[in-house]
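Remember, it's a predicted structure, so these values are computed and weren't measured experimentally.
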There are 2 protein chains.
Amino acid sequence: MLKIGDFSALSQISVKTLRYYDETGLLRSAHIDPENGYRYYLAGQLSDLHRILALKDFGFSLEQIAQAMQAGITAEQMRGMLLLRQAEQRKRLEDETDRLNRLNSRIRLIEQEGRMAYDVVLKSVPKQWIASVRETIPAYNTVGNLYGKVSAALGPSMSACQFGVALWHDPEFKENDVDAEAGFYLKQKVPAGNGVSVHELPEATMATTIHNGSYQRLPEAYDSLLRWVAENGYQVAGPIRELYLKISMPVRQDDESYVTEIQVPVSKPA
Amino acid sequence: MLKIGDFSALSQISVKTLRYYDETGLLRSAHIDPENGYRYYLAGQLSDLHRILALKDFGFSLEQIAQAMQAGITAEQMRGMLLLRQAEQRKRLEDETDRLNRLNSRIRLIEQEGRMAYDVVLKSVPKQWIASVRETIPAYNTVGNLYGKVSAALGPSMSACQFGVALWHDPEFKENDVDAEAGFYLKQKVPAGNGVSVHELPEATMATTIHNGSYQRLPEAYDSLLRWVAENGYQVAGPIRELYLKISMPVRQDDESYVTEIQVPVSKPA
DNA sequence: GCTTGACCCTCCCCTTACTGGAGACCCTAG
DNA sequence: CTAGGGTCTCCAGTAAGGGGAGGGTCAAGC
């Protein structure tokens with residue numbers, strides 16, 4: 001019979017941890033002296049502990065290990081467990097690889113451009129009702145003219161609007177003759193009409209960034225964002241959205257208090 | 001001013017998390033109504049939140065992020081942070097890759113041998129005093145004869161002994177003329193003499209496994225262990241140790257109550 | 001003006017796999 | 001017989017929030 005300190009020395013596992021395993025039932029001590037509560041272990045329990053440590057090293061939780069241990073598992077069942085864990089571990093490895101790639105990409109961007117670069121966040125946005133008009137306009141920065149039309153057509157329904165948004169439908173960047181959709185996100189559905197379309201934008205996975213300030217510096221944000229998309233192995237999968245989260249009337253191109261979010265729908269090519 | 005729910009909807013970050021960030025000072029709400037305690041956010045804070053999320057995605061802890069955020073960091077400082085994180089992430093990726101390899105190796109072993117295979121654990125063992133004799137013996141299983149010599153030579157010092165141990169000094173497996181060292185681990189240093197050497201084994205990183213039962217099945221344990229060492233990219237880096245953790249007198253080759261630990265010192269080839 | 005449902009608040013407990021410490025008891029060697 | 005080290009239980013804390021209770025607040029519809 002070994003005292004807990006001896007068992008700890010043999011196994012290189014801390015006394016604290018052994019007590020924890022005993023307490024949680026993962027590895028019960030072979031005997032407890034009822035006089036003084038001392039735990040006693042058998043040398044033969046070292047193989048149980050080794051099994052626990054090996055499974056832990058494979059990435060199983062203590063709870064999973066406890067289940068496997070008390071069930072007197074066969075080689076075939078063990079193989080099944082390990083194959084499941086293998087799949088999870090592959091996924092994990094892929095995630096960590098992607099994370100490293102994102103880090104590398106950001107470092108490159110900072111080194112090449114000498115500035116901080118925009119923070120790009122990948123997120124899934126829910127379905128969203130929108131009231132809008134879609135027209136071919138001469139250039140990006142003339143999109144503002146469309147909002148008057150929308151709000152005039154909506155009339156009292158304007159109260160259901162949250163904030164302005166633009167969608168760029170051209171699959172490639174175009175200087176002129178831009179296929180633009182402009183309108184407002186809606187708190188709830190409102191009737192369409194008067195040339196205004198009311199429809200629901202689908203749920204989508206978006207690479208997004210926030211631009212603070214003047215619209216004249218928007219191209220830098222687009223630059224960071226689109227490079228992020230390309231360098232991390234995504235492709236653009238739909239119209240890019242611009243959300244005008246803070247704006248003031250009358251609209252000015254160089255108001256530094258404006259807040260704009262750019263969203264690029266993305267997908268991983270198969 | 002946005003209520004916490006609005007800010008949550010815009011950012012896709014849960015209200016709970018936003019409150020947690022406020023509480024911990026990571027992202028304070030711009031204003032708190034003193035009447036009712038409601039938190040209010042500005043749209044401009046979205047870019048702060050985006051920075052937090054981007055850094056979190058890179059693997060920084062919230063505490064690290066908080067420090068970086070309140071210091072008004074420059075692009076160059078940010079680059080330094082990211083380079084440090086990059087090195088950590090590379091290490092992590094390597095660890096996770098090794099873990100997957102260990103998993104693969106174990107699965108292969110089970111599939112090829114149709115049994116559970118031994119649980120191999122990598123651990124670092126501390127320096128250890130030993131009293132021993134070293135001789136060339138006809139075969140492995142005749143090592144038992146040496147222990148009598150050692151205990152006779154030690155005399156009353158035997159009380160400082162913990163358990164018997166054998167070291168195999170041959171770099172390759174040998175059936176005959178085995179260069180063997182046999183003796184006992186010591187609780188403290190004792191005087192040498194009478195043909196017994198007392199010296200200290202160095203600290204070492206060991207791949208280890210526990211064998212329960214008859215010595216006749218020890219070769220299976222060696223098989224699992226040495227395959228593990230080879231398949232996980234280690235090389236043997238010193239004499240293999242056998243620790244006789246539970247044994248009884250007289251020694252029998254087929255006693256199923258014996259417990260033996262095999263330790264292979266390993267290193268990663270450069 | 002009233003009600004109702006959605007929203008917001010704080011406070012507490014829970015998660016994993018332990019680690020650290022306090023205070024008390026116990027064992028063994030000299 | 002004493003000193004030290006070993007062991008016990010209990011409590012608190014970790015990172016990053018999630019879940020829920022209990023209670024106050026706000027806005028819209030009637």
**OP:** Specify whether A/Phe60 and A/Phe58 have parallel, tilted or perpendicular ring planes, treating 30° as the upper limit for parallel and 60° as the lower limit for perpendicular.
**Re:** perpendicular
**OP:** Take the protein atom OH of B/Tyr20 and the nucleotide atom P of D/dA15, then report the distance between them rounded to whole Å.
**Re:** 7 Å
Original post:
Do A/Gln128 and A/Glu200 meet the criterion of a side-chain donor-acceptor pair at a distance under 3.5 Å?
Top reply: no
Original post:
Relative to the 5' end of DNA chain D, which residue comes earlier, A/Ile4 or B/Leu62, by the nucleotide with the nearest heavy atom?
Top reply: A/Ile4
Original post:
Phosphate oxygens OP1/OP2 of C/dC8: is one of them under 4.0 Å from a side-chain N or O of B/Tyr40?
Top reply: no
Original post:
Rounding to a whole Å, what distance do you find between B/Tyr41:OH and C/dC8:P?
Top reply: 11 Å
Original post:
In terms of the nearest nucleotide of DNA chain C, which residue is placed more toward the 5' end: B/Asp6 or A/Phe60?
Top reply: B/Asp6
Original post:
Should the pair B/Arg85-B/Glu88 be classified as a salt bridge under the 4.0 Å nitrogen-to-oxygen rule?
Top reply: yes
Original post:
Are any of B/Lys3's side-chain N or O atoms less than 4.0 Å away from OP1 or OP2 of D/dA27?
Top reply: no
Original post:
B/Thr17 side chain N/O closer than 4.0 Å to the phosphate oxygens (OP1, OP2) of D/dA16?
Top reply: no
Original post:
OP1 or OP2 of C/dA17 sitting under 4.0 Å from any side-chain N/O of A/Thr24?
Top reply: no
Original post:
Between A/Ser14 and C/dC18, does any side-chain N or O lie under 4.0 Å from OP1 or OP2?
Top reply: no
Original post:
Is a side-chain donor-acceptor pair under 3.5 Å present for A/His50 with B/Thr208?
Top reply: yes
Subject >> Protein-nucleotide distance (A/Asp33, atom CG; C/dC25, atom C1'), rounded to Å >> reply: 13 Å
Subject >> A/Arg19 CZ - C/dG21 C1' separation (whole Å) >> reply: 12 Å
Original post:
Rounded to whole angstroms, how far apart are CD1 on B/Ile32 and P on C/dT10?
Top reply: 7 Å
Subject >> Under-4.0 Å side-chain N/O to phosphate OP1/OP2 contact, A/Lys16 with D/dT9 >> reply: no
**OP:** For C/dT10, take OP1 and OP2 only and decide whether either is under 4.0 Å from a side-chain N or O of B/Arg39.
**Re:** yes
Original post:
In whole Å, what is the span from the CD atom of B/Glu35 to the P atom of C/dC7?
Top reply: 23 Å
Original post:
Can you check whether A/Tyr21 has a side-chain N or O nearer than 4.0 Å to OP1 or OP2 of C/dC18?
Top reply: yes
Original post:
To the nearest angstrom, how far is B/Glu23 atom CD from C/dC12 atom P?
Top reply: 12 Å
Original post:
Rounded to whole angstrom units, what separation is found between the CD1 atom of B/Ile65 and the C1' atom of D/dA16?
Top reply: 11 Å
Original post:
Can you tell which of B/Tyr147, B/Trp129, B/Tyr244 makes a ring pair (Phe, Tyr, Trp, His ring centres under 6.0 Å) with B/Phe184?
Top reply: B/Tyr147
Original post:
Distance check: side-chain N/O of A/Asn36 vs OP1/OP2 of D/dT7, anything under 4.0 Å?
Top reply: no
